[in-house]
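Here is how names work: the chains are called A, B, and so on, in the same order as the sequence lines, proteins then strands, and each is numbered from 1. Just so it is clear, the structure is predicted and the values come from calculations on it, not from any experiment.
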Number of protein chains: 2
Amino acid sequence: MAPPVLLDLVQQGETLTLNAHETLFSEGDPVQHLYCVAEGTMVLSRYSVSGERQIMAFLFPGDFLGITFEKTFSLGAETLTKCILLRVDHAALDEKAVDDPSVWRAMSEVTWRFLRGSMELTFTIGRKSAVGRIASFLLYLSFRQGGFTAPTADISLPMGRQDIGDFLGLTIETVSRCFTKLKETGCIALPTTDRVELVDVEALRTAADVVD
Amino acid sequence: MAPPVLLDLVQQGETLTLNAHETLFSEGDPVQHLYCVAEGTMVLSRYSVSGERQIMAFLFPGDFLGITFEKTFSLGAETLTKCILLRVDHAALDEKAVDDPSVWRAMSEVTWRFLRGSMELTFTIGRKSAVGRIASFLLYLSFRQGGFTAPTADISLPMGRQDIGDFLGLTIETVSRCFTKLKETGCIALPTTDRVELVDVEALRTAADVVD
DNA sequence: CGTACATTTGACATCCTTCAAAATGAGTGG
DNA sequence: CCACTCATTTTGAAGGATGTCAAATGTACG
C-alpha cells in the first residue's frame with residue numbers, strides 16, 4: 001500500500017517510541033522529518049482561535065505524516081495510543097530524490113491519498129446527518145482495520161468519543177446518542193465502550209448514504 | 001504561484017473554451033488530461049447518492065485540475081462562467097517526467113496546495129457557524145482575487161448562492177440570511193447581487209474566527 | 001472498595017432547515 | 001423605454017436536528 005521507496009527511506013532512519021496522548025509536533029513547529037507510523041494510532045489536528053479541535057485524519061500503521069511543502073507544520077500530531085514511528089530527515093529525502101525520481105512520485109501519491117481522505121471527510125461533514133457521519137466513520141474504520149480489502153465486522157476504537165466528535169464536527173453527546181441509535185436499530189453492537197461490531201452492514205451503508 | 005514546469009507543459013498542449021455551466025468531466029470519467037484554468041471560474045464537486053452536491057473547490061485562473069493517481073475522476077468539473085483551459089495529456093506528462101524529476105515535484109506541490117485548501121474547508125465546515133463560514137469564504141475570495149498577496153476589498157461573486165451553499169454545507173436561504181446579517185452589522189456591503197465590498201475587514205475576521 | 005474519568009441519558013435552548021411567499025433583477029418583445 | 005416573464009434572491013414562520021447544561025451510569029485503576 002505504502003510506496004516502497006518511502007518505506008525503504010524511513011526504515012533506514014531512526015525509530016521513535018511515544019506513549020499515549022503525547023504530542024509529536026504542533027502547528028507552527030519547524031518541519032524536519034518525514035514520519036511513518038509503524039504501530040499505534042495517531043491524529044493530525046488543527047485548533048481554532050477559540051480552542052476547538054478539528055481532527056483532520058486518524059493515522060494507522062503504514063500512514064505517513066510530516067508531508068508538507070512549507071517550513072512549518074500546518075497541523076499538529078498527537079498519539080492516541082502508544083506508538084512506534086519511523087522517521088527520516090527531509091534533507092535526506094531531498095538528497096535521495098536528486099538521483100531517484102520515484103521519490104517525488106511517491107510523495108505525490110501519498111499526498112494524493114491524504115487529499116482523498118480529506119475530501120471524503122469534507123463530504124461527510126458537509127452533506128451528512130449526525131447518524132450518517134457516524135455510520136460512515138464506522139465503515140471507514142472497518143475498511144482500514146480490514147487492511148483496505150476485507151472490511152472487518154469487529155472494530156476497535158482506539159479513540160474516545162471526544163476524538164470522534166472532533167473528527168466529524170459533532171459534540172461528544174451527539175456521538176454517544178448516534179451510537180445508541182445505531183445500536184437500537186440493530187446496525188451495530190457495542191460489546192464494550194471501545195469496540196464495535198457491525199451487525200447489519202447493509203443498513204449501516206444505507207444510513208451512511210453510500211448504497212449503490 | 002503555479003509551478004513553471006507544469007505551466008510550460010500545459011502551454012504546449014491544446015487550448016479549450018467552455019461556456020458557462022458546462023461539464024468538463026464527471027465523476028467516474030476516465031482520466032486523460034491535466035488541465036489549467038487560464039480564464040474563468042470552475043468548480044470541482046461530488047454528488048451524494050441522494051443527489052446533493054458538495055463543491056470541493058472553486059477554481060480560478062492559475063489553478064490546475066485533473067490531478068489524480070487513479071484511472072477515473074473522483075470529482076466532477078463544471079464551469080461557472082465562460083472558461084479558457086489549457087490541457088496536456090497525462091501520457092505526455094509521464095513522458096516528460098522520465099528525464100525531468102521536477103515534474104513530479106511540481107505535481108506534489110500542486111496536490112499539496114489542493115490538500116491545504118481541502119483541510120481549510122473541512123475546518124470551516126466542521127468548526128464554524130453559518131456566519132463564520134460565509135465570513136471565511138469572503139476573506140478567502142478576497143485573498144484569491146487579490147492575487148494571494150493584497151486582499152481586495154471589492155469582491156466579485158462568479159458563483160450563485162446555491163454554489164456557495166453547496167461549498168459550505170449550508171442551504172441557499174441560510175447563505176442569503178448570513179449575507180444580510182453581515183450587511184446589517186456593517187461588515188460588508190452588497191452593491192449588487194454578485195458583488196461584495198468588505199467594509200470592516202477586522203470585524204469580518206472576528207466573525208470568521210481568524211483573529212490573531 | 002473507592003475515586004476519577006469517560007460515557008450515557010435527559011431536559012431545554014439554539015441554530016439551521018424546510019416550506020412558502022414576496023421582492024429583486026435580468027432578459028425579451030412590444 | 002416600458003411591460004412582461006422567468007430565475008434568483010430575500011424574507012417570514014414553523015419545525016427539527018444538534019448543541020448546551022446537568023445529572024446519572026459505567027469503567028478503569030489504585
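Classification of the Trp112(B)-Phe69(A) ring pair by plane angle, with boundaries at 30° and 60°, yields tilted. Phe137(B) and Phe58(B) have tilted rings, their planes meeting at an angle from 30° to 60° on a 0 to 90° scale.
The cationic group of Arg161(B) lies under 6.0 Å from the six-membered ring centre of Phe179(B) and within 45° of the ring axis, placing it in a cation-pi geometry.
Rounding to whole angstrom units, NZ of residue Lys128(B) and P of dC16(C) are separated by 14 Å. As a whole-Å value, the separation of Arg177(B) CZ from dA14(D) C1' is 11 Å. Distance, Arg195(A) CZ to dT27(D) P: 15 Å, rounded to whole Å. When the C1' atom of dT7(C) is taken as reference, atom CE of Met159(A) falls 16 Å away, rounded to whole Å. The distance from atom NZ of Lys181(B) to atom P of dT10(D) is 14 Å, rounded to the nearest whole Å. For the pair Leu190(B) CG and dG25(C) C1', the interatomic distance rounds to 14 Å; values are reported in whole Å. The interatomic distance linking Asp163(B) (CG) with dT8(D) (P) rounds to 10 Å, in whole Å. Note: NE2 (His21(A)) to P (dC5(C)) measures 13 Å, nearest angstrom.
Without hydrogens or angle criteria, Ser142(B) side chain to Ala153(B) main chain gives no donor-acceptor distance under 3.5 Å. A side-chain donor-acceptor contact under 3.5 Å links Thr79(B) to the backbone of Glu22(B).
Looking at residues two or more places apart in sequence or on another chain, you find no ring-ring contact (aromatic ring centres under 6.0 Å, His included) involving Phe60(A).
Residue Ser129(A) is classed as a sugar-phosphate contact, given heavy-atom separations below 4.0 Å to backbone atoms only.
Listed by residue number, the members of residues 165-176 of chain A with any heavy atom below 4.0 angstrom from DNA chain C are Glu173(A), Ser176(A).
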